[in-house]
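In what follows, every chain begins at residue 1, and chains take the letters A, B, ... in the order their sequences are listed.
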Protein chains: 2
Amino acid sequence: MSSTGLSAPGLSPAADEGLRARKRAATQSALERAAISLALEHGYDSVTVDMICEAAMVSPRTFFNYFGTKEGAFLGGTPPAPTDAEHRAFVHGTGRDVLGDLVGMIAAALADQSPDTDLLRKRRMLIERIPELLTGEMSRIAELEEHLVQLVLERFHTQGHAESDTLDQQDEARMVVFVAASVMRYSMQKWFSGGFTGTPAELLHHSLTLVRRVTGAAAPAPRSSPRG
Amino acid sequence: MSSTGLSAPGLSPAADEGLRARKRAATQSALERAAISLALEHGYDSVTVDMICEAAMVSPRTFFNYFGTKEGAFLGGTPPAPTDAEHRAFVHGTGRDVLGDLVGMIAAALADQSPDTDLLRKRRMLIERIPELLTGEMSRIAELEEHLVQLVLERFHTQGHAESDTLDQQDEARMVVFVAASVMRYSMQKWFSGGFTGTPAELLHHSLTLVRRVTGAAAPAPRSSPRG
DNA sequence: CAATAAAATTACGGTAGCTGCACCAATACC
DNA sequence: GGTATTGGTGCAGCTACCGTAATTTTATTG
């Protein structure tokens, strides 16, 4: 199941996957829709899992078979995980802009999800209203951090960095991931608070430019001896 | 062990605050210590609130009177807040290195309340080890971040930045705070994992240099018109 | 079409986090 | 001392979540 990457459906039920997969996708979709509608109507906290299940006509146990947590139904079934293709594209990237490429990969993984624009719209409305969900989504990304550090290290190696300063490379990789997390946090907050009118790509470009401006200003008076 | 055994370290033992406050601080400290030791011994998930309460000799109901959540006992009662003096020093800082100064202020605030460093270290290791705690801590810090954004904006104003591009300034302030948070996270991880031999000041300088190196690489092909 | 394997769904029971409430004990204030 | 606050506790209850085994649904094979 590693090849096509479709095993965890971003909800493309239609064509060839058989009746089983289609029903599965239908149930998942029904649960997500029920969850979001109910939350928009009654508020997130007052919606119980039982309510969602009743609306979607499944047993509560089934709910947790799909989403292991209540939050999951609101954020969407599949946590953002870059596909193998995206992995390779990043690791073998030739450019010097590791930070930009990493952010791009994460954003692409986020964008991979369901194309249902209406559901996305409602979900965005919900997240805008309940900040708890925003932090929830961020923590789903944070789960990947260790993995991302490994990816950055791989990229360093394939770019032929010397093996001698491996320790420095680990530090740098970790920092790249941390800063990328900041950029994602900034972008998502801006995105979900509705203060941005452009496309997601433009938003990312804006964020990357901003993070460079913010860090770029060198201190006017170099403290001790600069550059070690 | 009626009184002295737990003389409220990590909080303001406040010799003058009265018996009530002292007992309170003692109980809170006992709960936090019990929580962290138990988690280091048995793992976070297998530690129940009841276990912590039994070790700290309080009722489970009391536990939730102190920390509204299980997580709270592990993260500790009070996030570090800079003093008024530190506020002013930062806001009226004249240099261009806003990021460096902000990181400096946060670090100073951390150093101010020097509660039992051993407890801090154990807590830090736990937090980095358990992603659930990590995200929990980040969302707690997020509340503090709003305040920091305001501080950065104040500094911009006292530095006489034009009022016209207030929106841009808000964006920039927010990004400064986010990046500062990343720098702090990197520094603390490096510090408490024992991988750094120098002084805290040197560590901060190292982190700031690193974050600049990481973001410094300009994109090879500037897209459209930069410089919004 | 029938038999069988595999997978999804379900009911049931239980644990743990968390809360409101009312009561009692300790402390602060006068 | 007496009285008002405040902190600690037991109880009853709700909800998220999980292990397990039974039941139904789908896929497969002859």
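Remark: A:Ser207 pairs with A:Val183, A:Tyr186, A:Ser187, A:Leu203, B:Met175 by the side chain to side chain contact (heavy atoms under 4.5 Å, CB included) rule, at least two apart or across chains. By the side chain to side chain contact (heavy atoms under 4.5 Å, CB included) test, B:Leu40 is found to be paired with B:Ile36, B:Lys122, B:Leu126, B:Arg129, residues two or more places apart in sequence or in another chain being considered. By the side-chain hydrogen bond (donor to acceptor under 3.5 Å, both in side chains) test, B:Glu71 is found to be paired with no residue, residues two or more places apart in sequence or in another chain being considered. A:Ala85 is linked by a side chain to side chain contact (heavy atoms under 4.5 Å, CB included) to A:Thr83, A:Arg88, counting only residues two or more places apart in sequence or in another chain. Under the side-chain hydrogen bond (donor to acceptor under 3.5 Å, both in side chains) criterion, A:Glu146 pairs with A:Arg174, sequence neighbours left out. Partners of A:Arg121 according to the side-chain hydrogen bond (donor to acceptor under 3.5 Å, both in side chains) rule, which considers only residues two or more places apart in sequence or in another chain, are A:Asp118. Among residues two or more places apart in sequence or in another chain, the side-chain hydrogen bond (donor to acceptor under 3.5 Å, both in side chains) test is passed with B:Gln189 by none.
If you find the closest nucleotide of DNA chain C to A:Met57 and to B:Phe67, the one lying nearer the 5' end belongs to A:Met57.
Applying the side chain to side chain donor-acceptor pair (under 3.5 Å) test to every pair with at least one member in residues 35-57 of chain A, sequence neighbours left out, gives no pairs at all.
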For a quick check, with a 4.0 angstrom heavy-atom cut-off, what is the B/S/- contact string for nucleotides 3-8 of chain D, read 5' to 3'? --BBSS

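Proximity of the aromatic rings of B:His87 and B:His92 is defined here by a centroid distance below 6.0 angstrom, and this criterion is not met.
Between chain A and DNA chain C, the heavy-atom contact criterion of under 4.0 Å yields a 5' to 3' nucleotide range of C:dA6 to C:dA11.
The stretch residues 36-53 of chain A has no heavy atom under 4.0 angstrom from DNA chain C at all.
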So B:Leu148 and B:Met105, side-chain contact (heavy atoms from CB on, under 4.5 Å) or not? Walk me through it. CA-CA 10 Å; B:Leu148 293 180; B:Met105 183 186 72; 3.8 Å; yes

Could you go step by step and tell me if A:Glu128 and A:Arg123 meet the salt bridge (Lys or Arg N to Asp or Glu O under 4.0 Å) rule? CA-CA 8 Å; A:Glu128 182 178 344; A:Arg123 180 177 297 157; over 6 Å; no

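Atom pair A:Arg61:CZ and D:dA21:P shows a separation of 13 Å (rounding to whole Å applied). One can place NZ of A:Lys70 at 16 Å from P of D:dC14, the figure rounded to the nearest angstrom.
In summary, A:Glu137 and A:Arg140 engage in a salt bridge, as defined by a charged side-chain N under 4.0 Å from a carboxylate O.
When the C1' atoms of four end pairs are superposed on the next four at each end of the helix from C:dC1-D:dG30 to C:dC30-D:dG1, using five pairs per end, the two resulting axes differ in direction by 20°, to 10°.
Between the side chains of B:Glu154 and B:Gln150, no donor-acceptor pair of N or O atoms lies under 3.5 Å.
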